[in-house]
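The structure under discussion appears below in the form of structure tokens.
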Amino acid sequence: MSITGVANIFSGRPVHPVGADGRMALSDHLRELRARVLKVALIIVAGGILALIFFDQVYDLVYGPITTAKLNLPEGSNLLTSNGPGAGLLIYFKLCGFAAVVLTSPFWLYQIWAFIMPGLHARERKMSRIFVGVAGPLFLSGVFLGYVTLPKGLEILIGFNPDGLTNLVDFDDYLSFFSRTLLVFGIAFEIPLFVILLNLAGVVSGKSLAAYRPWIVIGVFIFAAVATPSADPFTMTLMAVPMVLLFGISEVICRFNDRRRAKRRRFAGLDPDSASPL
């Protein structure tokens with residue numbers, strides 16, 4: 001890659017120039033993808049180093065749901081354990097990696113948009129910038145909601161343990177459960193945004209979303225039931241209800257965009273039964 005290409009990677013501009021219509025050739029798209037993936041990797045590595053500096057605070061946040069959940073443990077006992085001589089070192093790597101993915105989410109979500117942008121028309125790019133600005137806060141909102149509901153999920157799952165048995169949870173298993181819960185919530189909050197992007201690309205219309213609205217609601221609840229690691233009704237509902245509301249907002253935006261797009265058509269507003277002036 002040339003020096004100019006490397007400079008473009010860190011400046012946020014496309015690595016390869018686009019044509020007069022704002023589009024690239026396939027080979028340029030592949031090179032652009034490589035550049036974006038490299039930038040995402042560097043951003044996550046930087047986030048991991050930052051998380052390592054504040055490891056104690058990150059660890060307290062991850063351990064928090066265990067202390068918040070009402071697990072009826074004997075006083076002074078610990079639920080979480082670690083096994084193996086290298087378990088402590090792996091905890092550092094996994095915890096910092098997960099924190100880096102969450103903290104840098106606005107940046108790597110922007111890189112996804114920057115890769116898609118050359119395939120959009122000029123007017124669609126202007127609108128998509130607004131939604132990309134919302135993508136990061138939406139993802140973090142989903143992660144926060146997953147964090148809030150995690151103690152209740154732990155109470156329900158560990159509550160199935162029969163009396164007289166102590167459920168010792170390996171910290172590595174807990175961290176996997178913790179990260180899956182938060183990431184699923186974060187990604188779930190992004191789905192309505194991708195619906196809007198599909199509408200901007202002309203793949204999905206607001207009218208079709210309205211026609212399939214009941215099935216979408218049912219599908220959201222099924223998705224929430226399958227996707228939530230705890231699989232309890234409380235966590236499922238807390239994921240499904242905000243998703244349904246976000247889908248409703250996305251439907252309104254899609255219908256508005258469809259009407260705006262229809263007005264720009266060449267023969268918009270003409271009566272098909274009226275005579276031509278020619």
Side-chain angles (χ1 to χ4, degrees), residues 36-74 76-112 135-159 161 166-190 224 226-232 234-236 238-239:
R36 297 295 175 186
V37 170
L38 175 61
K39 191 169 185 179
V40 168
L42 293 175
I43 290 171
I44 292 178
V45 168
I49 295 173
L50 182 63
L52 185 61
I53 296 174
F54 297 97
F55 178 81
D56 291 338
Q57 291 82 352
V58 173
Y59 178 80
D60 290 339
L61 282 174
V62 174
Y63 197 83
I66 286 289
T67 58
T68 305
K70 300 176 181 179
L71 302 176
N72 298 322
L73 295 175
S77 63
N78 293 323
L79 177 67
L80 299 181
T81 62
S82 61
N83 299 314
L89 181 61
L90 290 177
I91 288 173
Y92 273 84
F93 282 110
K94 292 181 179 180
L95 207 55
C96 292
F98 172 73
V101 171
V102 173
L103 293 176
T104 62
S105 57
F107 301 99
W108 54 260
L109 285 170
Y110 168 78
Q111 294 302 317
I112 295 175
L138 269 181
F139 182 84
L140 294 177
S141 299
V143 168
F144 175 76
L145 184 60
Y147 185 83
V148 171
T149 60
L150 192 60
K152 187 64 177 179
L154 290 171
E155 290 177 18
I156 294 174
L157 290 177
I158 297 178
N161 202 48
T166 301
N167 187 356
L168 296 178
V169 181
D170 186 77
F171 187 84
D172 187 59
D173 295 335
Y174 169 72
L175 184 58
S176 298
F177 176 82
F178 179 91
S179 58
R180 282 201 311 270
T181 301
L182 269 60
L183 289 176
V184 164
F185 269 83
I187 294 172
F189 273 47
E190 296 293 321
V226 174
T228 49
S230 58
D232 62 278
F234 176 79
T235 307
M236 178 195 73
L238 279 180
M239 174 186 284

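We're numbering straight along the sequence, starting at 1. Worth knowing before you read on, the calculation uses all heavy atoms, side chains too, and leaves out hydrogens, waters and symmetry mates.
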side-chain contact (heavy atoms from CB on, under 4.5 Å) between Leu175 and Leu95, worked out: CA-CA 8 Å; Leu175 184 58; Leu95 207 55; 3.4 Å; yes

Residue pair Leu154, Phe177: steps toward the side-chain contact (heavy atoms from CB on, under 4.5 Å) verdict: CA-CA 10 Å; Leu154 290 171; Phe177 176 82; 3.7 Å; yes

Residue pair Val143, Phe189: steps toward the side-chain contact (heavy atoms from CB on, under 4.5 Å) verdict: CA-CA 9 Å; Val143 168; Phe189 273 47; over 6 Å; no

Full working for side-chain contact (heavy atoms from CB on, under 4.5 Å) between Lys152 and Leu238: CA-CA 11 Å; Lys152 187 64 177 179; Leu238 279 180; over 6 Å; no

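Smallest separation of non-hydrogen atoms from Trp108 and Val101: NE1-O, 2.9 Å. Closest approach of Ala51 and Ala99 over heavy atoms only: CB-CB, 3.8 Å. In terms of heavy-atom proximity, Val148 sits nearest to Pro151 at O-CD, 3.3 Å. Here the shortest heavy-atom pairing between Gly146 and Leu182 reads C-CD1, 3.9 Å. When every heavy atom of Ser105 is checked against every heavy atom of Val102, the shortest pair comes out as OG-O, 2.9 Å.
Ring-plane geometry between Tyr147 and Phe178 is classed as perpendicular, the angle between the planes exceeding 60 degrees on a 0 to 90 degree scale with a lower cut at 30. Using cut-offs of 30° and 60° for the angle between ring planes, the Phe171 and Tyr174 rings count as tilted.
Separating the CD1 atom in Ile49 from the CD1 atom in Ile53 is a distance of 7.5 Å, to the nearest 0.5 Å. Between atom CD1 of residue Ile91 and atom OH of residue Tyr59 there is a gap of 7.0 Å, rounded to the nearest 0.5 Å. Arg36 contributes atom CZ, which lies 11.0 Å from atom CG of Leu38 (distance to the nearest 0.5 angstrom).
Sorted by first and then second residue, the salt bridge (charged side-chain N to carboxylate O under 4.0 Å, His left out) pairs with a member in residues 86-111 read Lys94-Asp172; sequence neighbours excluded.
When Phe93, Tyr63, Tyr92 are each tested for a ring pair (Phe, Tyr, Trp, His ring centres under 6.0 Å) with Phe55, only one passes: Tyr92.
Panel note: side chain Glu190, backbone Phe139; a donor-acceptor pair is recorded below 3.5 Å.
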